Amino acid sequence: MFGRKNDAPSAQSVADDLAAQAAARQVDPRAAKGVPTPTRREQEAARQRPLVPNDRGAAKVAQRDARREEQARMRRAMDTGEERFLPVRDKGPQKRFARDFVDSRFSLGEYVMFAALAIVILSLVVPVTANTQIIVFGIFWLMVVAVVIDCLILSRKLKRRVREKFGSLDSGVVWYGTMRSMQFRKLRLPKPMIKRGAAVK
């Protein structure tokens with residue numbers, strides 16, 4: 001009878017070609033018909049393409065752009081208090097509570113730098129005598145003592161409130177709140193999210 005032709009395509013090769021064409025259509029459904037189907041080797045090479053560009057210059061540009069975007073998100077978080085983009089030192093529910101607790105009260109510590117500046121100016125303007133020096137530095141040290149007492153009261157209240165709310169006290173939370181109380185309110189970062197005198201929940 002008739003012999004089988006050696007160049008006739010096998011069933012397996014036909015199935016492979018159909019699968020390759022289907023895969024090409026899935027990769028780019030907008031591809032026009034009649035475009036040569038990429039070979040299996042070309043498809044595997046495309047899948048193995050590295051995610052990081054080989055060009056070092058392009059990689060540095062991408063890293064710089066990512067760093068700028070991260071810094072921009074962090075700056076926005078400092079203004080809005082968005083937790084996930086805050087620096088590590090400001091993250092956590094206890095530190096957020098400490099910020100609100102400090103921002104809701106009046107603290108002498110936030111004015112200590114202004115008092116020190118006023119004393120320096122007075123020492124330059126007022127004639128230097130033994131009595132004036134005693135008065136000026138006496139006022140300054142009274143201010144320092146008052147700030148220390150206020151910080152001690154703040155730390156004790158904050159420690160008690162944090163334990164009442166969370167059942168435990170994380171390390172550094174009281175120190176974090178105390179140092180925040182020493183900063184002028186409008187210069188605090190993250191920015192205050194609560195008004196003075198407001199109840200902290």
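Computed from a predicted structure; not experimentally measured.
Judged by distance alone, the side chain of Arg99 and the main-chain N or O of Gly177 form no donor-acceptor pair under 3.5 Å. At least one donor-acceptor pair closer than 3.5 Å links the side chain of Gln94 to the backbone N or O of Ser168.
Contact of the Phe106 side chain with the Arg196 side chain is registered, since non-hydrogen atoms from C-beta on lie closer than 4.5 Å. The closest side-chain heavy-atom distance from Pro190 to Arg96 is not below 4.5 Å. When side chains are defined from C-beta on, Leu86 counts as touching Lys91, because their heavy atoms get closer than 4.5 Å. By the 4.5 Å heavy-atom criterion applied to side chains, Asp90 and Met78 are counted as neighbours. Counting only heavy atoms from C-beta outward, the side chains of Arg188 and Glu110 approach each other to under 4.5 Å.
By the 4.0 Å N-to-carboxylate-O rule, Lys195 lies too far from Asp100 to be salt-bridged with it.
The side-chain hydrogen bond (donor to acceptor under 3.5 Å, both in side chains) search around Arg64 returns none, not counting sequence neighbours. Lys191 is linked by a salt bridge (Lys or Arg N to Asp or Glu O under 4.0 Å) to Asp79, counting only residues two or more places apart in sequence or in another chain.
Between atom CZ of residue Phe97 and atom CG of residue Asp170 there is a gap of 13.0 Å, rounded to the nearest 0.5 Å.
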Audit row: Asp103, Arg180, salt bridge (charged side-chain N to carboxylate O under 4.0 Å, His left out) steps and yes/no | CA-CA 9 Å; Asp103 296 337; Arg180 186 174 177 86; 3.0 Å; yes
Given side-chain hydrogen bond (donor to acceptor under 3.5 Å, both in side chains), test Tyr176 with Arg89 step by step and report yes or no.
-> CA-CA 9 Å; Tyr176 175 80; Arg89 65 181 177 84; 5.2 Å; no
Let me check something: any side-chain donor-acceptor pairs from residues 154-166 under 3.5 Å, sequence neighbours excluded? List them with distances.
unit_1 : atom_1 : unit_2 : atom_2 : d
Ser155 : OG     : Cys151 : O      : 3.2
Ser155 : OG     : Leu152 : O      : 2.8
Arg161 : NH2    : Val200 : O      : 2.9

